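Presented below is the structure to which this report refers.
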Amino acid sequence: MRWSRAFIPTLRDDPADAESANHRLLVRGGFVRRLMAGSWSLLPLGKRVATKVERIIREEMDRIGGQEMLLPVVHPADPWKKTGRWDDVEGIVVKFQDRKESDMLLAITHEEIFTLIATELSSYRQLPQLWYHLQTKFRDEPRPRGGLLRVREFTMKDSYSFDVDPSGLDAQFEAHREAYSRIFERLGVEAIPVHASSGTMGGKESVEFMVESEAGEDDIVVCPNCGYAANTERATSGAPPVEDEPWEGEPEEFDTPGIRTIAALADAFDFASPERQIKTLAYVVGGELTLILLPGDHELMEQKLIDGLGTFDIRPAHDDEIVAALGAHPGSLGAVGVRHLRVIADPALRGRFNMVTGANRDDRHLRGVDVERDIAVDQWLGVRLTRLGDPCIECGSPVQVRRSIEVGHIFKLGTKYAEALGATVVDEHGEEREIWMGSYGIGVGRNVAAIVESSHDDKGIVWPVAVAPYEAVVTVVTMEDAATVAAAEGIYRELEEAGIETLIDDRAERPGVKFADAELIGIPYRVTVGPKGLASGEVEITRRRDGFTESVASGQVAEKVVAAIVAERR
RNA sequence: CGGGCUGUGGCGCAGCUUGGUAGCGCGCGUGCUUUGGGAGCACGAGGCCGCCGGUUCGAAUCCGGCCAGCCCGACCA
């Protein structure tokens, strides 16, 4: 490609509204342009990168037996109503009606429709099956952010596995785990698999692939000793040890005028440090007021509550609901003596005594509370957020918490969708059985963003060869010197003929502009052809990754560049 | 959904406090000079000042409403 003919609208300045590296560099390098919040056009360079990411995904899916299809992006409501998700996905899904006033939606994922196709399977002999497509999803995210990291419209590779039994599902799940690891390795991102929450997908087991990055939106818990790794939405840890001081007898009420927070209570009384308080949260779960208890120095991870209770129908209670049920306002709440409400407590409170909690009378608290003696806990459920330094659940070593980008997610779905939509096969005994399903997703644009986040410097993007929009650029130092132009054109032709995707920078620009642009858009290898070097028959090869430069006889340059690139293609 | 910030040529910004000709840098076009790290000079093109309404003789500027974008947070009692 001739740069003079290419549409590569690079910008000299960073766009003002861009914070994260991928946003800043992809816009500045002319890869993408924003249409609206969370909605991006891929320009020629961006499309080339996305296509390469897709090719790698396809190759790895095909390698484990995947068959590519293409399903529609507009779905009728009916199958979504049958699986119960028509209501579950309220808010994130765009719903509308066609001219006949039939309910429809824009696909946020494709479990329902792939399962409908799977109803055509009739015998266990046809299983296993593995189907996938690369298709647009539209999710009306409440807050798109971070350039291509969280968007509303995006291309996703989603695959779906169909098996006659759980062990078949396990095998396909493992195949995906390996395929995904290969994909991320080829993309040049360091993704670690972690235990995760299944969210709206349902199902029991899921693994996320996470790339450590400050731009990420998730925190993962990692144990440096034994390798345990999990999203904080799911991670469990041991209870950090606390030494309670002895207390004889019943809890004792005391005055706490104007005190509404754990911090304020801790400041006012030296026996009420946060770790010795019981934090009492009021939630409405399935329409019923429920108390959630945690050690005062811990935080609730709402997703664990959702997962642990098996319902999305939870929300913090409003003040008036709390007052009506407990007779006190938030800030003076407690569960001692509460029998008419469901009480859920984090296991970190087990065996704790001489604790401080609200008395359910405004401006009054209780001290000397023995959790198991004084509180009627209906359910012990691990709902607290794992913190840096908490003991690892597997080995007890202090865990780390790292900000990360979720680049892939694989789920064991079980038979939920098959049951709802009637996808069954007959087994070898002639009996009808529901199909066991898994679903597996990788967002294309988010992976492009993750690559940029983890591979850039102050000059611009550093693409791995495998996904670079072009593998090499021939920089013509001056277009005014006929010998220079002729030599550059010759090298360009050689590289093209050797199958190297090459740009020739034949613009009437000064060399500094060409160097800066080549670095900004991140081309892995640059061949610089100018009169200075040509005087001794030489040109330069510069590697983007580390700036390493060597002079090479112009007759040998193509061969050297080809060898370097082929070795890095993956 | 709550909070903060921001909307002025393609990009980055000033002007707004104190109402009166819309400005700067980059980029773009033409010409000359220059040519191994974002050149210089000269001339030139390009703006519904986010939108609607109000105040005023007069609004980018003051007032009200709306829309859009970015960042933080996700009710933690």
Side-chain angles (χ1 to χ4, degrees), chain A residues 9-20 23-24 27-28 30 33-39 91-92 140-147 149-150 215 217 256 259-265 274 277-284 291-303 305 314-319 321-323 326 328-335 346 357-360 362 365 383-385 459-460 475-481 484 488 505 507-520 526-535 538-540 542 547 549 551:
Chain A
T10 58
L11 304 175
R12 190 169 283 222
D13 300 312
D14 281 336
D17 56 4
E19 201 105 326
S20 53
H23 186 182
R24 196 163 44 81
V27 171
R28 199 145 89 79
R33 287 294 183 264
R34 190 184 61 221
L35 176 61
M36 54 180 175
S39 181
I92 196 122
D140 194 7
E141 294 285 348
R143 194 184 148 207
R145 73 186 105 178
L149 273 183
R150 176 163 298 271
E217 301 185 279
T256 52
I259 290 176
R260 293 284 174 275
T261 65
I262 284 176
L265 190 63
Q277 295 187 42
I278 303 171
K279 181 182 286 188
T280 308
L281 307 176
Y283 268 72
V284 175
L291 298 183
I292 317 291
L293 309 184
L294 297 159
D297 58 333
H298 282 258
E299 288 180 77
L300 173 69
M301 168 46 78
E302 218 174 75
Q303 189 65 44
L305 199 56
I314 72 165
R315 62 168 171 83
H318 304 136
D319 280 14
E321 294 168 316
I322 293 171
V323 173
L326 293 169
H329 289 85
S332 303
L333 304 182
D346 189 272
T357 188
N360 286 334
D362 285 341
H365 279 75
V383 291
R384 71 182 198 284
L385 182 68
K459 291 175 177 165
T475 300
V476 190
V477 167
T478 171
M479 295 300 290
E480 301 298 311
D481 179 56
T484 298
D505 195 347
R507 294 176 297 171
E509 290 288 350
R510 295 167 63 86
V513 173
K514 297 187 179 188
F515 296 148
D517 272 345
E519 283 154 353
L520 175 62
R526 184 181 85 208
V527 177
T528 307
V529 184
K532 209 170 77 184
L534 241 31
E538 289 187 324
V539 300
E540 279 167 14
T542 301
T549 300
S551 289

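Predicted, not measured: the structure shown is a model, and the values here were computed from it. Sequence lines set the chain letters: A, B, ... in the order given, protein chains first and strands last, and positions in each chain run from 1. All values below come from the heavy atoms of this structure, side chains included, with hydrogens, waters and symmetry mates left out.
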Which part of the nucleic acid, if any, lies within reach of [X] when heavy atoms closer than 4.0 Å are counted: base, sugar-phosphate only, or nothing?
X         : value
Thr528(A) : base
Ala18(A)  : nothing
Arg315(A) : nothing
Arg12(A)  : base
Arg145(A) : sugar-phosphate
Gln277(A) : nothing
Leu281(A) : base
Pro15(A)  : sugar-phosphate
Gly358(A) : nothing
Asp14(A)  : sugar-phosphate
Ala516(A) : base
Gly91(A)  : nothing
Glu540(A) : base

Residue pair Ile322(A) / Leu333(A), side-chain heavy-atom distance below 4.5 Å: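 Answer yes - side chains close enough.
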With both distances under 3.5 angstrom, what nucleotide forms a Watson-Crick or G-U wobble pair with [N]?
N      : answer
C11(B) : G25(B)
G73(B) : C1(B)
A68(B) : U6(B)
U30(B) : A42(B)
U56(B) : none

Closest listed nucleotide, where the reference is the side chain of [X] and the choices are [options]:
X         : options                : value
Asp517(A) : C75(B), G38(B), G37(B) : G38(B)
Asp13(A)  : C70(B), G37(B), G12(B) : G12(B)
Glu299(A) : U35(B), C76(B), G36(B) : C76(B)

side-chain hydrogen bond (donor to acceptor under 3.5 Å, both in side chains) partner of Arg28(A), chosen from Thr10(A), Asp14(A), Asp13(A): Asp14(A)
Interatomic distance where CG belongs to Asp505(A) and P belongs to U35(B) [whole Å]: 19 Å
Spacing between Met36(A) atom CE and C70(B) atom P, to the nearest angstrom: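 Between P of C70(B) and CE of Met36(A): 11 Å.
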